[in-house]
Amino acid sequence: MSASDRSLSKSFYISTPIYYVNDVPHIGHAYTTLACDVIARFKRLDGFDVLFLTGNDEHGQKVEKSAEAQGITPQELCARVSGRFQALIETMNFSIDDFIRTTEPRHIEAVQAIWKRMAEKGDIYLDAYSGWYSVRDEAFYGVDELVDGPDGGKLAPTGAPVEWVEEPSYFFRLSAYQDKLLKLFEQPGFILPESRRNEVASFVKGGLKDLSISRTTFKWGVPVPGDEDHIVYVWLDALTNYITATGYPDQQSELFQKFWPADIHMIGKDILRFHAVYWPAFLMSADIDLPSRVFAHGWWTNEGEKISKSLGNVIDPFELVETYGLDPVRYFMMREVPFGNDGDFSKTALINRINADLANDLGNLAQRSLSMLNKNLDGLVPVPGALQPQDEAILAQAEGMLDAARGHIDDSLIHKALGAVWDVVGDANKYFAGEEPWALKKTDPARMGTVLYVTAEIIRNVALLSQAIMPGSAAKLLDLLAISEAERGFGFFGAAHRLAPGTLLPKPEGVFPRYVEAEAPS
RNA sequence: CGCGGGAUGGAGCAGUCUGGUAGCUCGUCAGGCUCAUAACCUGAAGGUCACAGGUUCAAAUCCUGUUCCCGCAACCA
């Protein structure tokens, strides 16, 4: 299928990484998936058929060992942890279309199929993998990293003893793809943010070695086709999930035809190399189309401190939602930090955002205008009079939001899309204060009605766009405007679908409460 | 000399490519309003734009050097 056919069909495929089950869900997982959710919702509202995929990576030596340590099978461990990730999806209101687990038969079939294709291409060969290995660290070290031990032996930088190990391993001819990869990186927007592209390109320019893609030291994984002593390297296994979900190896399937290649692989900056180097090389080898974009977002710190288990400052997304509410947390994470940058998660900043942007600006704008409408016009949407230049100006600004937001979303600049919306919210408050409808109530009730109409219409458009970021709260706003479920897509945005005069609106209720910190027990 | 990014009022950022009165959000202070969620609106204070030199009529912006911070350098979102 050509690119133009794809755009006609308006399909959109976005993925999160599959999260490794040797961990419990934390803010990082929530953040990556949230970014995808916002984009996926935006695209659906904008008329696209969307495939939004997430899941779990369940194979690998660490999983096997953890399970053993806990006296359960790897399957049991995976089921348990995967359940937590699926609970996070519920809690965060993520609109996923599919949840993949690498232990599923469909995935194992896909991994073995892509392996065979790569092997047929002549890109896989058997050799020996060797190096200084520390059993304690579960890691290989370069000879230049080692230090001399007291008894003449070698030690890892961590102080752990190392031994020279050699095991047979299949290798992928990654080195053969260096030039093709560098050419790929020239494609605008393939790696975002831009600064990351430079990093990856300079890494590739430094020379690529062939990649070991099988292991014989453990069993918990996908067996190599034709040589079951070998287990497929976890990253080849994991990355393949993106095509598994589109029905691979059946490239004629409806899903594959419709959604592959993916529009965005959303990832954290730590796993950029696997997605921007290994994955495209694997796909090139297997003659499969390449994804359009890999976006590597930044990391959170907690009150300025790096987050780590040893520091004990891990942020639990379940607790966050419990404390501050789902939509405020969603808004904060997407708005506070330029998407792609690192950001700091501070309680003060969070409360500030919630109260300033949501409660004071948007929530209060809705409340002050809809209350007047309710009290003075019996809750009926008024018939607007002739629009004044300032009415036209603010409406034009509001009705320009969609194009602006669309552009920013297509550039994966989620914070800018939100910024465009909140600019309008701010100006709408200025407009409202400037027109003083409470004064017009006595001097010119018809004009008051017009001002309230214009304000309500702005709120309608803001609420339509806000559905992508805060689905629950936006729905409440639209309920307050008596907008039916059928009229909430972006097709109803703008001047052609303005509020119908005469519509009865319900009594307004606050949608975004201020967050007031509980009195600290003294 | 490994490669790259950055240093702008109390905090976080934009502006640097295409030199020409230093801008935004939050915070602080004062005033206004009273429709509204102690909200909203207006105004003010606060910066020798890391440091040193150079080019220029003019430099946050271009050039050189210095200091400091950060990312990447084969497996933690």
Side-chain angles (χ1 to χ4, degrees), chain A residues 16-20 22-23 25-35 54 60 62 138-140 142 174 193-209 211-212 233-235 238 266-274 277-278 296-300 304 306-309 314-315 317 335-338 341-344 346 348-349 352-353 355-376 415 419 422-423 426 428-441 448 451-452 455 508-516:
Chain A
T16 75
I18 46 175
Y19 304 118
Y20 201 45
N22 203 42
D23 199 359
H26 52 68
I27 191 173
H29 304 111
Y31 184 54
T32 311
T33 316
L34 172 59
T54 188
K62 279 190 187 172
E138 274 189 41
F140 282 90
L174 182 63
E194 193 74 12
S195 57
R196 297 287 162 197
R197 182 186 67 166
N198 299 334
E199 273 178 24
V200 175
S202 74
F203 164 71
V204 171
K205 277 179 196 153
L208 293 172
K209 290 183 196 164
L211 183 70
S212 166
Y233 173 53
V234 288
W235 272 106
M266 187 69 72
I267 58 170
K269 64 181 182 179
D270 52 306
I271 53 174
L272 177 58
R273 175 165 315 142
F274 303 100
V277 179
Y278 299 170
H297 65 65
W299 283 8
W300 289 98
K306 193 168 179 176
I307 296 178
S308 75
K309 279 184 203 165
V314 174
I315 299 174
R335 179 65 197 277
E336 183 68 6
V337 180
N341 292 7
D342 288 350
D344 183 45
S346 89
T348 316
N352 224 353
R353 276 289 176 195
N355 288 345
D357 291 9
L358 299 183
N360 297 352
D361 290 347
L362 177 54
N364 187 50
L365 175 67
Q367 192 65 17
R368 68 197 301 204
S369 56
L370 296 180
S371 289
M372 283 199 74
L373 204 151
N374 186 262
K375 287 176 187 165
N376 301 305
H415 62 291
W422 259 263
D423 282 349
N429 268 313
K430 292 181 179 67
Y431 164 81
F432 198 84
E435 296 306 306
E436 302 186 325
W438 55 90
L440 293 168
K441 185 168 112 182
M448 174 195 76
V451 172
L452 294 181
T455 306
E509 286 174 18
V511 174
F512 298 104
R514 285 181 69 78
Y515 180 85
V516 180

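Proteins get letters first, then strands, A, B, ... in listed order; numbering begins at 1 in each.
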Atom [atom1], compared across [N] and [M]: separation rounded to whole Å:
N     : M     : atom1 : result
B:A44 : B:A60 : C1'   : 25 Å
B:G15 : B:A74 : C1'   : 38 Å
B:U18 : B:C62 : P     : 9 Å
B:U61 : B:U16 : P     : 12 Å
B:A45 : B:G9  : C1'   : 10 Å
B:U67 : B:A30 : P     : 46 Å
B:C51 : B:A59 : C1'   : 16 Å
B:G27 : B:G65 : C1'   : 38 Å

Close side-chain approach of [X] to [Y], heavy-atom, < 4.5 Å:
X        : Y        : result
A:Phe274 : A:Ile267 : no
A:Leu358 : A:Trp422 : yes
A:Glu336 : A:Asp344 : no
A:Phe512 : A:Asp357 : no
A:Pro437 : A:Phe432 : yes
A:Asn429 : A:Arg368 : yes
A:Thr33  : A:Tyr19  : yes
A:Trp300 : A:Ile315 : no

Would A:Arg273 count as a cation-pi partner of A:Phe203, with NZ or CZ less than 6.0 Å from the six-membered ring centre and within 45° of the ring normal? yes
For [X], which contact category applies under a 4.0 Å heavy-atom criterion: base, sugar-phosphate, or nothing?
X        : result
A:Gly28  : base
A:Tyr20  : nothing
A:Leu370 : nothing

Let me know the distance between [atom1] of [X] and [atom2] of [N], rounded to the nearest Å.
X        : N     : atom1 : atom2 : value
A:Glu435 : B:C33 : CD    : P     : 18 Å
A:Arg335 : B:C26 : CZ    : C1'   : 11 Å
A:Asp423 : B:C24 : CG    : P     : 12 Å
A:Phe203 : B:C3  : CZ    : C1'   : 13 Å
A:Arg353 : B:C13 : CZ    : C1'   : 11 Å
A:Leu208 : B:C75 : CG    : P     : 15 Å
A:Tyr515 : B:C26 : OH    : C1'   : 19 Å
A:Asn352 : B:G12 : CG    : P     : 14 Å

How long is the span from the OG1 atom in A:Thr32 to the CE atom in A:Met266, to the nearest 0.5 Å? 8.0 Å
With pairs defined as Watson-Crick or G-U wobble and both distances under 3.5 angstrom, please note down RNA chain B as a dot-bracket string, | for pairing with another strand. .(((((((.[[[[.)....(..]]]].(((((.......))))).....[[[[[..)....]]]]])))))).....
Can you check whether A:Arg273 has a side-chain N or O nearer than 4.0 Å to OP1 or OP2 of B:A73? yes
Residue whose closest nucleotide on RNA chain B lies nearer the 5' end, A:Glu199 versus A:Leu211: A:Glu199
Closest-nucleotide 5' rank along RNA chain B - winner of A:His297 and A:Lys209: A:Lys209
Please check if the side chain of A:Asn376 supplies one atom and the backbone of A:Met372 the other of a donor-acceptor pair under 3.5 Å. yes
Answer yes or no: is there a donor N or O on one side and an acceptor on the other, between the side chain of A:Asp361 and the main chain of A:Gly426, under 3.5 Å? no
Mind checking whether A:His26 and A:His29 have parallel, tilted or perpendicular rings, split at 30° and 60°? tilted
Could you go through nucleotides 8-11 of chain B and list every protein N or O atom that sits under 3.5 Å from one of its N or O atoms, giving the distance for each pair?
none

Treat primed atoms plus P, OP1 and OP2 as sugar-phosphate and everything else as base, then score nucleotides 34-44 of chain B 5' to 3': B for base contact with protein heavy atoms under 4.0 Å, S for sugar-phosphate contact only, - for none. SBBB-SSSS--
